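Since we're looking at a predicted model, the values are computed, not measured. Here is the naming used below: chain letters follow the sequence lines, and residue numbers restart at 1 for every chain.
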2 protein chains.
Amino acid sequence: MSGRAVTIAEVARHAGVAVSTVSYVLSGKRTISADTRRRVLDSINALGYHPHAGARSLASKRSNVIALVLPLRAGMHVPVLMRFATAVVTAARRFDHDVLLLTADEGPEGIRRVAASALVDALVLMDVELHDRRVPLLRELAEPSVLIGFPAEPAGLTCVDLDFAAAGARCVAHLAERGHRQVALLGAPAVVYERGTGFARRTREGFTAAVAAHGLEGVALPCEETFDEVHATVAGLLASRPALSGLVVHNEAAVNHVLGSLRQLGRRVPQDVAVVAICPDDVAERAGPPLTSVLIPAEEVGREAVRLVMRKLEGLEVPDSTLLPPHLAIRAST
Amino acid sequence: MSGRAVTIAEVARHAGVAVSTVSYVLSGKRTISADTRRRVLDSINALGYHPHAGARSLASKRSNVIALVLPLRAGMHVPVLMRFATAVVTAARRFDHDVLLLTADEGPEGIRRVAASALVDALVLMDVELHDRRVPLLRELAEPSVLIGFPAEPAGLTCVDLDFAAAGARCVAHLAERGHRQVALLGAPAVVYERGTGFARRTREGFTAAVAAHGLEGVALPCEETFDEVHATVAGLLASRPALSGLVVHNEAAVNHVLGSLRQLGRRVPQDVAVVAICPDDVAERAGPPLTSVLIPAEEVGREAVRLVMRKLEGLEVPDSTLLPPHLAIRAST
DNA sequence: GGAGACTGTCGAAGCGCTTCGACGACCGGC
DNA sequence: GCCGGTCGTCGAAGCGCTTCGACAGTCTCC
């Protein structure tokens with residue numbers, strides 16, 4: 001296996017057919033008799049043939065590789081990104097494509113580079129920002145792309161994401177059903193709102209609208225991520241709103257701190273305060289108590305992004321915007 | 001930018017030289033006069049030329065891509081993996097290489113596929129297990145590889161990792177310096193030890209050896225990751241060992257639960273119990289109180305892995321084993 | 001039974017690049 | 001003034017694959 005690689009010419013010789021016949025067996029682009037096909041496939045197995053990716057890409061103008069571009073935001077290391085990444089890779093393999101990983105460090109130039117050098121056929125961008133520097137480039141690129149998340153001006157782009165507004169609203173509706181009248185949203189750190197990250201704002205909008213629609217009283221606060229700051233926020237909130245009994249937490253890093261803080265303040269969950277989180281399932285399950293939550297459907301989003309980009313590669317029409325509906329898992333915290 | 005791609009022939013015509021001259025300007029493999037070089041480079045810029053990756057790989061037998069292989073372990077989504085990944089990509093770009101992301105789903109076959117199809121020149125495997133199915137394959141592959149983590153039989157392989165034994169020992173030494181006599185290690189979930197994951201075992205060995213060396217009393221326990229189980233473990237530990245005053249936690253998901261549990265049991269950190277963690281810096285910083293910790297140097301490990309694999313690609317000798325020394329950051333918890 | 005339409009296979013022309021050997025032009029040394 | 005050696009450049013031969021046009025051989029239908 002470590003000698004010189006097997007070529008299509010050797011397979012053809014071994015099977016007693018022309019090189020082009022082997023190629024057509026592999027691609028299925030012309031009809032081949034069952035008998036010949038079997039002989040060729042047997043030879044391929046016998047010799048352990050794998051087509052040379054570079055040669056294939058040169059001749060066919062398709063690399064069968066898509067780029068997966070990491071978020072621009074520095075220091076983004078949240079676990080959910082890894083889920084997106086593995087979901088994208090797994091889905092891409094189903095379409096017989098591989099995935100090239102690109103960091104934000106290179107910025108738009110990196111995207112241009114891999115596209116212009118025909119390293120990749122298409123691009124999936126994770127977790128785009130509202131005003132993402134890379135978005136204008138995508139519009140002028142010949143290669144199709146799909147964004148996970150929504151920029152401020154999504155016209156002419158293909159975007160996929162969890163419907164965060166619906167997720168925020170779903171959490172409020174759940175609390176309203178349970179009879180809570182005064183609720184609060186603990187969201188992302190203030191800097192995230194200032195940066196204009198789409199999902200944080202959209203959750204807040206969904207929350208606020210649902211609070212009004214259900215005739216509740218509600219407040220939405222940003223939430224930092226150290227225990228001490230979380231504790232101060234929670235304590236302040238409870239002090240200023242004694243009747244508050246429902247909490248929506250949309251901050252993966254702060255979720256456990258919120259629960260710890262409530263425990264320290266002597267509030268029982270869910271008897272005194274009900275808590276709904278928007279976070280990955282494993283975080284919700286491991287919390288004390290396990291949290292009712294809207295999960296971030298990373299696998300589903302990744303799969304959908306790949307499906308869309310593959311359709312675009314085939315020249316098919318795709319919707320500009322795909323919003324995946326939130327799913328609420330009820331656990332012990334409400 | 002979206003028209004047909006620029007080729008080396010067009011650059012050559014534009015600059016008034018032969019195709020091979022352009023190639024030599026780019027590769028530097030033959031001397032080119034300063035004057036010609038400048039004309040060629042100007043043409044490259046003017047036309048926006050990017051060499052076709054497939055053609056280059058076909059002609060040169062180098063794809064300038066390395067594979068990054070995710071851990072085999074299902075459901076591994078810990079944040080630290082994302083750091084490895086970004087570190088590897090960033091480091092690879094410094095060597096003018098890109099990174100192809102491979103999931104564990106495909107197993108050894110996936111590795112064989114990308115190697116045999118010349119999609120990648122070399123491989124980096126993240127977080128290998130003690131008895132990893134992919135390791136035998138790596139030995140017979142012509143392409144060089146580097147492992148992050150150590151399998152049971154590392155002979156003939158190149159491995160990089162944090163020196164977890166030293167990390168465990170360093171934590172014990174720190175607690176001993178602070179005057180603690182009775183200490184405990186809360187490690188990974190039991191299933192991780194059973195699976196034989198190297199880093200969990202090595203931390204425990206380092207811990208145990210250091211406890212003996214410092215003449216302390218110590219116990220090492222596995223630790224599950226739900227709040228309730230962590231709480232039971234912590235409560236049981238404190239009940240059975242009233243004099244226990246130092247805790248080493250090597251479990252990223254459980255760290256905040258341990259602190260919450262101590263708070264609930266009325267033990268102050270660090271006055272009643274000192275806590276040292278082995279976990280990423282951001283988790284330690286955000287904890288309440290901020291934790292003295294040995295950080296997982298993901299960036300450094302990733303960079304070193306790439307450096308080694310590049311040296312192997314050049315045919316240079318590299319050490320079989322690279323252990324990065326632990327670094328202890330002292331914070332409020334000890 | 002022959003025209004026309006398929007079927008299954010082949011050969012050859014690229015795809016865009018690297019690299020090898022060749023070859024003028026120029027240099028210094030005798 | 002001529003020889004051997006660099007230096008800088010060129011042309012052409014691949015690298016391994018896909019795809020186009022060609023072409024025997026079969027089938028179908030009137």
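Residue contacts for B/S23: at a heavy-atom cut-off of 4.0 Å it reaches a base atom on one of the strands shown. The residue B/V17 sits close only to the backbone: its heavy atoms come under 4.0 Å of sugar-phosphate atoms, none of a base.
In this structure, a donor-acceptor pair under 3.5 Å is present between the side chains of A/S43 and A/H14.
In this view, B/K29 and B/Y24, B/S27 satisfy the side chain to side chain contact (heavy atoms under 4.5 Å, CB included) rule, not counting sequence neighbours.
Closest non-hydrogen pair, B/L138 versus B/L157, comes out as CB-CD2, 4.5 Å.
Taking side-chain N and O atoms only, B/T21 has a distance below 4.0 Å to OP1 or OP2 of D/dC10.
A/N45 contributes no side-chain N or O that, together with a main-chain N or O of A/D42, makes up a donor-acceptor pair within less than 3.5 Å. Counting only distance, with no hydrogens or angles, the side chain of B/K312 and the backbone of B/V318 share no donor-acceptor pair below 3.5 Å.
A salt bridge is defined here as a Lys NZ or Arg NE, NH1 or NH2 lying under 4.0 Å from an Asp or Glu carboxylate O, and B/R113 with A/D98 meets this definition. Ion pairing of B/R112 with B/E106 is absent here, as no side-chain N (NZ or NE/NH1/NH2) approaches a carboxylate O to less than 4.0 Å. The residues B/R303 and B/E300 are annotated as not salt-bridged, no charged nitrogen and carboxylate oxygen being separated by less than 4.0 angstrom.
Contact check of residues 57-65 of chain A against DNA chain C (heavy atom, cut-off under 4.0 Å) returns A/L58, A/A59, A/K61. Contacts of residues 28-45 of chain A with DNA chain D (heavy atom under 4.0 Å): A/K29, A/R30.
Residue pairs satisfying the salt bridge (charged side-chain N to carboxylate O under 4.0 Å, His left out) criterion with at least one member in residues 10-20 of chain B, sequence neighbours excluded, are listed as follows: B/R4-B/E10.
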Pairs of donor and acceptor atoms involving the side chains of residues 59-69 of chain A, under 3.5 Å and at least two apart or interchain, shall be tabulated with distances.
residue : atom : partner : partner atom : Å
A/S60   : OG   : A/R56   : O            : 2.6
A/S60   : OG   : A/R62   : N            : 3.3
A/S60   : OG   : A/R62   : O            : 3.4
A/R62   : NH2  : A/L313  : O            : 3.2
A/S63   : OG   : A/V65   : N            : 3.2
A/S63   : OG   : A/L119  : O            : 3.0
A/S63   : OG   : A/D121  : OD1          : 3.1
A/N64   : ND2  : A/D96   : O            : 3.2

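Put simply, chain B comes within 4.0 Å of DNA chain C, heavy atom to any atom, from C/dG16 to C/dA22, going 5' to 3'.
In terms of position on DNA chain C, the residue among B/Y24 and B/P51 whose nearest nucleotide sits closer to the 5' end is B/P51.
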